[in-house]
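What follows is a single structure, written as structure tokens, with notes after it.
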Amino acid sequence: MKKIKKGDEIIVIAGKDKGKRGTVLSVLEKGLKLIVEGINLAKKHVKADPNRGERGGIVLKPMPLHHSNVMLYDASSQKGSRVKIRILDDARKVRCFKTTDEVIDI
């Protein structure tokens, strides 16, 4: 079971965007890299293509972040928190925050 999934709210703990929060758009390379909305943006120079009707210029493109540089954001404590996987009585696996022991997904 993956600890960070698409749609989770995360907080960056290392790098140029440290302290920023965002939503995971996609998970790449077996969960090792994440693309997060509005974080780790790179400027991409795009050439105009009149056949498709695309304009040229500089476009901001989200680049992948390594999973070790982010933590899941816990809204109850207003901080980032590590994740543990708990097995319920009915043998289902659920993700929980380690600090508050609150279940993330049901």
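Numbers here are sequence positions counted from 1.
Legend: residues meeting side-chain hydrogen bond (donor to acceptor under 3.5 Å, both in side chains) with N51, ordered by chain and number and at least two apart, are absent. For K18, there are no side-chain contact (heavy atoms from CB on, under 4.5 Å) partners two or more places apart in sequence or in a different chain. Applying the side-chain contact (heavy atoms from CB on, under 4.5 Å) rule to D90 yields the partners L88, R92; only residues at least two apart in sequence or on another chain are considered.
Pairs engaging residues 35-44 under the side chain to side chain donor-acceptor pair (under 3.5 Å) rule: none recorded [sequence neighbours left out]. Within the structure, salt bridge (Lys or Arg N to Asp or Glu O under 4.0 Å) contacts touching residues 74-85 (residues at least two apart or in different chains) are K84-D101. Residue pairs meeting the salt bridge (Lys or Arg N to Asp or Glu O under 4.0 Å) criterion with at least one partner in residues 47-56, sequence neighbours excluded, are D49-R52, R52-E54.
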Cut-off 3.5 Å, no hydrogens considered: what does the side-chain donor-acceptor table look like for residues 20-35, sequence neighbours left out?
{"from": "K20", "atom 1": "NZ", "to": "D17", "atom 2": "OD1", "distance (Å)": "3.3"}
{"from": "R21", "atom 1": "NE", "to": "E9", "atom 2": "OE2", "distance (Å)": "3.0"}
{"from": "R21", "atom 1": "NH1", "to": "Y73", "atom 2": "OH", "distance (Å)": "3.1"}
{"from": "R21", "atom 1": "NH2", "to": "E9", "atom 2": "OE2", "distance (Å)": "3.2"}

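Here the side chains of S81 and L72 are not in contact, with every heavy-atom distance at 4.5 Å or above. The shortest side-chain heavy-atom distance between I13 and V70 does not fall under the 4.5 Å cut-off. No side-chain heavy atom of I4 sits less than 4.5 Å from a side-chain heavy atom of V83. Side-chain contact check for S76 versus E102: some heavy-atom pair is nearer than 4.5 Å.
More than 12 heavy atoms of other residues, nucleotides or ligands shown are found within 6.0 angstrom of NZ on K16.
Smallest separation of non-hydrogen atoms from M63 and A42: CG-CB, 3.6 Å. When all heavy atoms of A48 and G56 are compared, the pair lying nearest together is CB-N, 3.5 Å.
We find that K3 and D8 are not joined by a salt bridge, their nearest charged nitrogen and carboxylate oxygen being 4.0 Å or further apart.
To the nearest 0.5 Å, atom CZ of residue F97 and atom CZ of residue R86 are 12.0 Å apart.
Between the side chains of T100 and S77, no donor-acceptor pair is found at a separation under 3.5 Å.
Hydrophobic clustering (ILVMFWY, side-chain heavy atoms < 4.5 Å, transitive): I10 and I104 are in one cluster. Hydrophobic clustering of Ile, Leu, Val, Met, Phe, Trp and Tyr side chains at less than 4.5 Å, counting indirect connections, unites V12 with V36.
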